[in-house]
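Accompanying notes for the structure given below.
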Amino acid sequence: MVTIMRISKGKGPFYQVDLSNGDSLKVSEDLLVRYRLLKGQELTEEIMEEIKKSSGFDFGFQQALNYLSYQLRSEKEIRTYLKEKEIELDDRHKIVDRLKELDLINDLVYGESFVRTHMRLSDKGPKKLAQQLQQKGLKPEIIEQALLQYPEEEQVVMACQVAEKLFHKNHGKSQKELFRKIQQNLMTKGFSPDTIQRAIANLPQEKNPVSEYEYLITQGEKLWRKNARFEPQKRNLKIKQSLYQKGFDLDMIQRFITEKEEESSE
C-alpha cells in the first residue's frame, strides 16, 4: 500500500497527487471526489490501478475538450491529437465514443460547417473541398451530403467571379490562351467542366483585334530575337508554331512575320 503525501493544484483542471513511493498521479476534481482522495490516505494496488486507468481517460478527455473549444474538429483530427498527447489507444476509443454521445464530434456537422465557411472565405470548387474533407477523415457519403451546402448555382457564381478576375488580369496573352489559363485555374480549384464552361461563356467573347495584335507583337519580338540565329525559313516556322500555341490567329502571325521581314530588309 502507498500513502498520499500531498495533493496540490496542477495545471488546468487537474490536481497532482504525490505518493509515498515517490510516484505522482495527475487526476481531475471528479476523480478526487469519486475516490475521496485525501492527504494521509492509504491506497491499495487495486485502487491505484483503477485511478491510473481512470486518470488516463480523464486527462485525455479534458485535452480533447480543450482542443474542441477553439473550433469544430473531425473524428480523425481528435484521434490524431490524442495520439500526439500520448493517450493510450483504449482510452482514445473511449474518449471519442464519449464525445460522440455528447454530440461534440459529428463529422456531418463538421463537414457542412467546413463547406459553408470555405464558400464564404475562399474561391474553391466542390472537388477541392471534397479532397480536403477526405484528408480530414470524412467518409465519402458524409462528404457528398456536406457538399449539398454548396448548390450548383453558387458554384457557378463563384467560378464566374474567379474567371472575371483572371480575365481582367490579362498581361499580354491572346484571348484563346487566356481562356485556356482560366480553364486550368478553375479545374485546379475544383470546379466541374460544366461549371467552368458556364463561367467562361459569361466572359466577353469578342476579340479586340488591336489589343490582340499588340499582344502578339510583344510575344513575337521575343521569339524573333530568340530565333534570330536560324535561317529565315526555320526561324519563321518556329515563330509561327510558338505563336499559334499561344493562341494567336495564323493571319495575324503571318502579318507580324511579313512586317518583320520588311523591316529587316530596309
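Worth saying up front: this structure is predicted, and the values here are computed from it rather than measured. Worth knowing before you read on, the calculation uses all heavy atoms, side chains too, and leaves out hydrogens, waters and symmetry mates.
- Here the closest heavy-atom approach between residue Glu212 and residue Gly247 is recorded as OE2-O, 4.3 Å.
- Residues Glu221 and Lys226 are not paired through a salt bridge, judged by the lack of any N-O separation under 4.0 Å between the basic side chain and the carboxylate.
- Using a 4.5 Å heavy-atom cutoff, the side chains of Ser8 and Tyr15 are not in contact.
- In the hydrophobic clustering, Leu65 connects to Phe14, Phe57, Phe59, Phe61, Tyr67, Leu68, Ile78, Tyr81, Leu82, Ile87, Ile95, Val96, Leu99, Leu102, Leu104, Ile105, either directly or through intervening members, whenever side-chain heavy atoms lie under 4.5 Å apart.
- Nearest heavy-atom pair, Gly220 versus Leu243, reported as atom, atom and distance to 0.1 Å: N-CD2, 4.0 Å.
- Expressed to the nearest 0.5 Å, how far CG of Asn106 lies from NZ of Lys100 amounts to 9.5 Å.
- A donor-acceptor contact under 3.5 angstrom links the side chains of Gln16 and Asp18, judged on distance only.
- Under the 4.0 Å criterion applied to side-chain N and carboxylate O atoms, Glu101 and Arg98 are assigned as salt-bridge partners.
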For residues 129-140, which side-chain N or O atoms pair as donor and acceptor with protein atoms under 3.5 Å away, sequence neighbours left out?
{"residue": "Lys136", "atom": "NZ", "partner": "Glu77", "partner atom": "OE2", "Å": "3.0"}

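- The side chain to side chain donor-acceptor pair (under 3.5 Å) check on Thr258 picks up Gln254, with sequence neighbours excluded.
- Ser113 pairs by the side chain to side chain contact (heavy atoms under 4.5 Å, CB included) definition with Leu72, Arg116, Thr117, not counting sequence neighbours.
- Following chains of ILVMFWY side-chain contacts shorter than 4.5 Å, one cannot reach Val157 starting from Leu166, and the two form parts of different hydrophobic clusters.
- What you find for Phe179 and Leu203 is that their closest heavy atoms are CE1-CD1, 3.8 Å.
- Counting heavy atoms from C-beta on, the side chains of Arg225 and Lys222 come closer than 4.5 Å.
- Distance check, rounded to the nearest 0.5 Å: CD of Gln219 to CH2 of Trp224 gives 16.0 Å.
- Note that OH of Tyr213 is 7.0 Å distant from CZ of Phe256, once rounded to the nearest 0.5 Å.
- Side chain of Arg73 to main chain of Tyr70: no donor-acceptor pair is present (N/O by atom type, distance under 3.5 Å, no hydrogens or angles).
- Note that CG of Asp30 is 9.0 Å distant from CD of Gln62, once rounded to the nearest 0.5 Å.
- Scanning all heavy atoms of the two residues, the minimum distance from Cys160 to Ala199 falls at SG-CA, 3.7 Å.
- No donor-acceptor pair closer than 3.5 Å links the side chain of Glu88 to the backbone N or O of Asp90.
- Across every non-hydrogen atom of Asp91 and Gly56, the tightest pair is OD2-C, 3.6 Å.
- Proximity of a side-chain donor or acceptor of Asp23 to a complementary backbone N or O of Leu19 within less than 3.5 Å is not detected.
- Side-chain atoms of Glu261 and Asn236 form a donor-acceptor pair, as typed in the model, at a separation below 3.5 Å.
- With salt bridges taken as basic N to acidic carboxylate O contacts below 4.0 Å, none links Lys9 and Glu29.
- For Thr195 against Ala159, the heavy-atom pair with the smallest separation is CG2-CB, 3.7 Å.
- Under the 4.5 Å side-chain heavy-atom criterion for grouping Ile, Leu, Val, Met, Phe, Trp and Tyr, Val115 is connected to Met158 within one hydrophobic cluster.
- Looking only at distances, no side-chain donor or acceptor of Ser54 sits under 3.5 Å from a matching main-chain atom of Ile51.
- Listed by chain and residue number, Arg255 satisfy the salt bridge (Lys or Arg N to Asp or Glu O under 4.0 Å) test with Glu259 (two or more places apart in sequence, or in another chain).
- Qualifying side chain to side chain contact (heavy atoms under 4.5 Å, CB included) partners for Leu38, counting only residues two or more places apart in sequence or in other chains: Gln41.
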